[in-house]
Every structure is written in C-alpha cells, then in structure tokens.
2 protein chains.
Amino acid sequence: MRSTNTKISSAPKGGFLAKLRAAGLRPTRQRLALGKLLFAPGDRHVTAEGLHGEATRAGAKLSLATVYNTLHQFTSAGLLRQVIVDGEKTYFDTNMGDHHHFYVEDQALLMDIPGDTVRIDGLPKAPAGTEIERVEVVVRLKSRN
Amino acid sequence: MRSTNTKISSAPKGGFLAKLRAAGLRPTRQRLALGKLLFAPGDRHVTAEGLHGEATRAGAKLSLATVYNTLHQFTSAGLLRQVIVDGEKTYFDTNMGDHHHFYVEDQALLMDIPGDTVRIDGLPKAPAGTEIERVEVVVRLKSRN
DNA sequence: ATGCCTGCAAAATATTTGCATGTAA
DNA sequence: TTACATGCAAATATTTTGCAGGCAT
C-alpha cells in the first residue's frame, strides 16, 4: 500500500463504529467507506456492483470482491438484510424492520412497503419438520407506458 | 447427427404438442423430451441443471444451454412460470395457477401453497406510473434439527 | 512482536448469445 | 428446396474462496 496515513479512529459515523466492533468486525478503511455510504441517508437498497461504483466514484479504492464480502459480513452481523427479487442480482436492504417490497421489474427498482400495515391470512402451517423463518411479500410492478 | 429416425409426430403427449405449435415452437426431440418430463406427473419445480440431469439420465442428448433456452421459451409461451427464491438458482414451476410458495432454504426445496386460501390485506396502492403485475408470497422455512 | 483477520486475485458457478446446422413446410 | 428457427460452443455475468499480507492487540 502506498500511503496509509488515514486516521481511522476519528469518531466518524456515530454508532456505526460501535456496531462494527460489537459484531467483531474491525473498522477498516473499506468498511468505513461502505458503511458511510450505506448508513448515512435513510433506508437504502443496493447491489454489490452499484455500491462498488458509488464507492469508487467517491474515491475509495477497493475491489468488487471486497464489496461482496463486506455486504455479507454486514448481513451476518445483522446490519443488512438480503432481498431476493431478481434472480440476476442480489439486493441488500438497510431497513432491518419488518417490511415488504415493491419491485419494478423493467427498471430493476426496489422500494419498501412498511410491514405493519400488511396482513396475511390463510397461510397453511409449516410442513412437518420445518418452522417458519420469515414471510416475504413481493409486489411485482410494471411501469405504465 | 448420427441417426435421426425418431418419429416425432406420433401423438406423444396429448395436448402438449398442440400447445407447442400454438406457441410457435417446433416439436423437436429436445422439446418433447423436456416437455414429457415437465408435464407428465403433477406440478413440478425444476432448475435448469436438475432438469438437464433428469433428461440425460433418461437417455436424451442435449446441452445445458438448450435446457435453459427451452425453459425460457416455455415460460414465454405461458407453459411455465419462473420463481425467484434463491438468488443462486432460478426455479421454474409448472403450476400456472395463482399460488404461493414455501421455500426450505437449507434444502433448496420449493413447495406450492394453494393461492386461493391466502389473503393479503393492507397493501398500499402501486406508486404513480406503475401497476401491479403480481403479488408473490414466499414463506421461508428452516428445517428443525 | 505476532497471530488473527482482512482484502483481493483468481477460480468457480450460473446464465446468455452468435452462428453453424438441422428441420418443417 | 429453402428459409427460418434451433441447439450448442463459447462468451459473459455474477459470486465465492484461498492465501499473502495488514492490523489490532
């Protein structure tokens, strides 16, 4: 590495650094850069590739593989949730609350639906030997031409 | 090709051949072999790789790419539906009726939930400029150890 | 100082496409 | 016969892993 004078411990993102440590993840330059992008605004939906692009444009130097690894680490640590809607790309959601999703297929655009307004009735009980982990609702949309 | 004496038009699968023609798809050896596997029993869930394995074991000679292409063609023709639950693999479902899914994550096992018993209330209306195409419910299960 | 953990290059896996070739009309 | 659609090899896209080396302790 050329020049690593960057101070890391200068209290950058409020609780985020604490969250990282609690999860046993070291606050590296890469983690902090991605964390800043992910947790700064409100809720976000990102793909690995999209986030890598953002980070790169913001001047961070990291590989796409690191973005994948970091997203999965954040997910294991309970900071992100994985959303499966597309088959091609995996989305990660910063909204950890109970909620569902709108997905506009022709724009590959993902939006939250607040969870507490939605009620699902009439589900059969889980098959023998299994238990329910989560119920996910995806409302697929197409944009009106 | 070595020996192509196989008669194709000997009325093999009841309505399936007619369906193919209606969709503008020629009843080739490969299509018929896959169609037979897909539409013979009751409802099925397959992956491209799984179906390719079955077909090969049954003695058909075709490449995995052809299986992918055929599955997509059947989907466009309205004979199959694509189900997205896993991110890694794409599943195809022969059940075209309105229904939902159980998905056992640790076994990559997909099961139908009859659609007409499930009721979903409290969904917000579709965002401006879009309309609802389909509402999908996936109940994620884990097997009890 | 040192050993665990990180980050990335390279590999693995999944899917799509371009074109030589077979097939239905 | 002939044009068009098909099926597969090769290319592409996405994600995971093994290990050299950086970092917190």
Original post:
Can you check side chain to side chain donor-acceptor pair (under 3.5 Å) on D43(B) and H99(B), steps first, answer last?
Top reply: CA-CA 12 Å; D43(B) 290 324; H99(B) 68 288; over 6 Å; no

Run the side-chain donor-acceptor check on residues 84-91 of chain A: report pairs under 3.5 Å with partners two or more places apart or on a different chain.
unit_1	atom_1	unit_2	atom_2	d
D86(A)	OD1	Y103(A)	OH	2.8
D86(A)	OD2	E88(A)	N	3.1
D86(A)	OD2	K89(A)	N	3.2
K89(A)	NZ	E49(A)	OE1	3.3
Y91(A)	OH	A108(A)	O	3.1

**OP:** List in numerical order all residues of residues 51-62 of chain A for which some heavy atom is under 4.0 Å away from an atom belonging to DNA chain C.
**Re:** K61(A), L62(A)

**OP:** Can you tell me the distance, in whole Å, between the CZ atom of R26(A) and the P atom of dG22(D)?
**Re:** 13 Å

Original post:
What is the distance from CG of L25(A) to P of dC23(D), rounded to the nearest Å?
Top reply: 16 Å

Original post:
L20(B) CG to dT23(C) P: how many Å, rounded?
Top reply: 16 Å

Subject >> I120(B) CD1 to D121(A) CG distance, which is reported to the nearest 0.5 Å >> reply: 10.0 Å

Subject >> Contact pattern, 5' to 3', of nucleotides 14-20 of chain D - B, S or - by protein heavy atom under 4.0 Å >> reply: SBBB---

Original post:
Distance from H100(A) atom NE2 to D116(A) atom CG, nearest 0.5 Å?
Top reply: 9.5 Å

Original post:
How long is the gap from NZ on K19(B) to CG on L79(B), to the nearest 0.5 Å?
Top reply: 5.5 Å

Original post:
Expressed in angstrom and rounded to an integer, what is the separation of R29(B) atom CZ from dA24(C) atom P?
Top reply: 10 Å

Original post:
OP1, OP2 of dG7(D) versus side-chain N and O of R31(B): anything below 4.0 Å?
Top reply: yes

Original post:
Any ion pair linking E54(A) and R44(A) (charged N to carboxylate O, less than 4.0 Å)?
Top reply: yes

**OP:** Using only side-chain N and O atoms of T66(B), determine if any of them is under 4.0 Å from OP1 or OP2 of dG7(D).
**Re:** no

Original post:
Using 4.0 Å as the upper bound for N to carboxylate O, is an ion pair formed by R140(A) and E133(B)?
Top reply: no

Subject >> Whether D93(B) side chain and N95(B) backbone form a donor-acceptor pair below 3.5 Å >> reply: yes

Original post:
Is a side-chain donor or acceptor of H72(A) paired with a backbone partner of T70(A) at a separation under 3.5 angstrom?
Top reply: no

**OP:** In whole angstrom, give the distance that lies between atom CG of L32(A) and atom C1' of dG7(C).
**Re:** 14 Å

**OP:** Could you tell me whether the phosphate oxygens of dG22(D), OP1 or OP2, come under 4.0 Å of any side-chain nitrogen or oxygen in T28(A)?
**Re:** no

Original post:
dG7(C), dC8(D), dA24(D): which one has an atom nearest the side-chain heavy atoms of Q30(A)?
Top reply: dG7(C)

Subject >> Nucleotide dT6(D), atom P - distance to CZ of R21(B) in whole Å >> reply: 11 Å

